[in-house]
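For the single chain, residues carry numbers from 1 onward in sequence order. All values reported here derive from a predicted model rather than from experimental measurement.
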Amino acid sequence: MEREFPDVLKKLHAIEIDYADGDGIDFEPFDEFYSEEDASDWIKAWTGNSSLDGSEYLIFGQDGTGGYVAIWLVRNDSDLLQQPIVFFGSEGEVGVIARNFRDYVWLFANGIGPYEAVAYPGLDRPKNEEFLAFAKKFAPQHESTASEIIGRAKSEYPDFEKIIEQLCQ
């Protein structure tokens with residue numbers, strides 16, 4: 001599977017994210033994926049499991065405390081933007097937050113970032129106009145509330161947290 005940073009993800013990351021002293025989105029986007037070596041070092045440190053290589057995660061951003069957001073390469077026959085988006089928090093929080101990139105952009109349109117999706121899945125915020133315009137342009141058929149997006153992701157991947165827990169040593 002190709003590991004090139006998608007242009008549409010670059011466009012999403014070009015939109016300014018306002019943390020708003022804790023009332024906004026806690027997300028710091030990257031301009032490229034973590035290297036395979038860095039991803040390997042990270043998953044080993046995060047899980048305490050030195051047998052892992054992290055190749056199934058394409059890390060593309062973090063929250064303010066150092067929790068990572070990644071594309072989880074779990075669908076062998078799908079391109080990168082069809083893969084689920086997952087979050088690994090700095091304090092052990094973990095969760096699948098969107099089934100694919102189109103759902104992911106609607107989280108931002110709803111004023112919710114990756115950290116908020118895991119820590120506060122029922123959080124209801126006003127729409128973010130810049131992200132809303134982006135979502136309407138790049139994923140118009142996927143409009144949903146944040147709780148619907150998170151719920152569908154958890155429903156499709158109900159064992160993600162358990163899978164990660166089993167990897168931890």
Side-chain angles (χ1 to χ4, degrees), residues 1-13 15 17 25-36 38-40 42-44 46-47 49 52-63 66-123 131 134-135 138-168:
M1 180 176 297
E2 192 171 319
R3 299 174 71 92
E4 187 173 324
F5 205 82
D7 286 338
V8 70
L9 188 54
K10 290 177 186 176
K11 290 176 184 174
L12 177 67
H13 286 182
I15 299 171
I17 298 172
I25 296 173
D26 184 3
F27 184 66
E28 300 170 15
F30 297 164
D31 294 329
E32 59 187 27
F33 294 125
Y34 255 33
S35 70
E36 290 183 49
D38 288 341
S40 177
W42 159 76
I43 195 71
K44 289 173 184 173
W46 199 92
T47 62
N49 186 336
L52 302 176
D53 68 6
S55 62
E56 66 273 25
Y57 304 104
L58 298 177
I59 300 168
F60 64 90
Q62 68 182 32
D63 71 357
Y68 288 121
V69 182
I71 295 173
W72 179 29
L73 302 175
V74 68
R75 294 182 182 145
N76 295 330
D77 58 345
S78 297
D79 71 24
L80 291 182
L81 299 179
Q82 295 302 317
Q83 304 290 340
I85 310 293
V86 296
F87 178 77
F88 292 84
S90 63
E91 300 299 320
E93 311 93 329
V94 64
V96 59
I97 59 172
R99 295 176 306 160
N100 54 47
F101 178 77
R102 291 180 305 234
D103 283 350
Y104 180 70
V105 300
W106 280 100
L107 282 177
F108 281 88
N110 283 290
I112 304 293
Y115 169 75
E116 294 86 10
V118 170
Y120 311 105
L123 187 62
F131 287 115
F134 183 93
F138 289 98
Q141 305 301 323
H142 289 265
E143 183 171 358
S144 298
T145 67
S147 60
E148 289 169 339
I149 292 164
I150 297 163
R152 285 194 306 260
K154 287 181 180 281
S155 178
E156 188 167 339
Y157 300 99
D159 297 329
F160 178 72
E161 293 172 30
K162 192 179 298 182
I163 290 168
I164 300 304
E165 187 177 301
Q166 291 172 349
L167 295 175
C168 294

One should read off an interatomic distance between T47 OG1 and L52 CG, to the nearest 0.5 angstrom, of 4.5 Å
Heavy-atom nearest pair, G66 first then S90, reads C-CB, 4.2 Å
If only atom types and distance count, is the side chain of R102 paired as donor or acceptor with the main-chain N or O of Q141 below 3.5 Å?
no
>> Quick one: does any side-chain atom of Q83 pair with a main-chain N or O of S78 as donor and acceptor, under 3.5 Å?
In response: yes
For I97 and I149 the tightest heavy-atom approach is O-CG2, 3.7 Å
Legend entry - Side-chain donor/acceptor of S155 to backbone N/O of G151, under 3.5 Å: no
pair P84-V74: side-chain heavy atoms closer than 4.5 Å | yes
Item to complete: Mark yes when over 12 heavy atoms from residues, nucleotides or ligands other than E148 sit less than 6.0 Å from its CD; otherwise mark no.
Response: yes
Indicate, with yes or no, if the rings of F60 and F101 have centres closer together than 6.0 Å. no
Passes side chain to side chain contact (heavy atoms under 4.5 Å, CB included), Y115 versus F27? Steps please. CA-CA 8 Å; Y115 169 75; F27 184 66; over 6 Å; no
Applied to residues 89-99, the salt bridge (Lys or Arg N to Asp or Glu O under 4.0 Å) test, sequence neighbours excluded, yields R99-D103
Between F160 and V96, the two heavy atoms sitting closest are CD2-N, 3.6 Å
Notebook entry, point to check: Can you find a pair of side-chain heavy atoms, one from F30 and one from Q62, that are under 4.5 Å apart?
Noted result: yes
Here the gap from D159 atom CG to K154 atom NZ, rounded to the nearest 0.5 Å, amounts to 12.0 Å
| message | Is the shortest side-chain heavy-atom distance between Y157 and V86 below 4.5 Å? | response | no
> More than 12 foreign heavy atoms under 6.0 Å from NZ of K10: is that the case here?
Replying inline: yes
Measuring centre to centre across the rings, with the benzene-like ring taken for any Trp, is F134 within less than 6.0 Å of F108?
no
Quiz item: Quick one: are F33 and L80 in side-chain contact, heavy atoms under 4.5 Å?
Solution: yes
Looking at side-chain heavy atoms only, is the closest gap between I43 and E56 below 4.5 Å? no
| Does any N or O in the side chain of N110 come within less than 3.5 Å of the main-chain N or O of S144, such that one atom is a donor and the other an acceptor? | yes
Could you check whether any side-chain N or O of E116 sits under 3.5 Å from a backbone N or O of I25, counting only pairs where one atom can act as donor and the other as acceptor?
no
Evaluate F138 against L12 for side chain to side chain contact (heavy atoms under 4.5 Å, CB included), listing each step before the verdict. CA-CA 10 Å; F138 289 98; L12 177 67; over 6 Å; no
Margin query: Any side-chain to backbone donor/acceptor pair from H13 onto D31? Under 3.5 Å, distance only.
Written below: no
Distance col, row I59:CD1 vs I71:CD1, nearest 0.5 angstrom, shows 11.0 Å
message = Side chains of I150 and L107, heavy atoms from C-beta outward: is any pair under 4.5 Å?
response = yes
Rounding to 0.5 Å, atoms NZ (K44) and CG (N49) come to a distance of 9.5 Å
Side-chain (E143) to main-chain (W106) donor-acceptor, under 3.5 angstrom
no
Compute whether any side-chain donor of one residue and acceptor of the other, for Y68 and Y34, lie under 3.5 angstrom apart. yes
_Would R3 and L73 count as a side chain to side chain contact (heavy atoms under 4.5 Å, CB included) here? Give the steps._
CA-CA 10 Å; R3 299 174 71 92; L73 302 175; 3.8 Å; yes
Requested in this report: Check the angle between the aromatic planes of W42 and W46 and answer parallel, tilted or perpendicular using the 30° and 60° thresholds.
Outcome: tilted
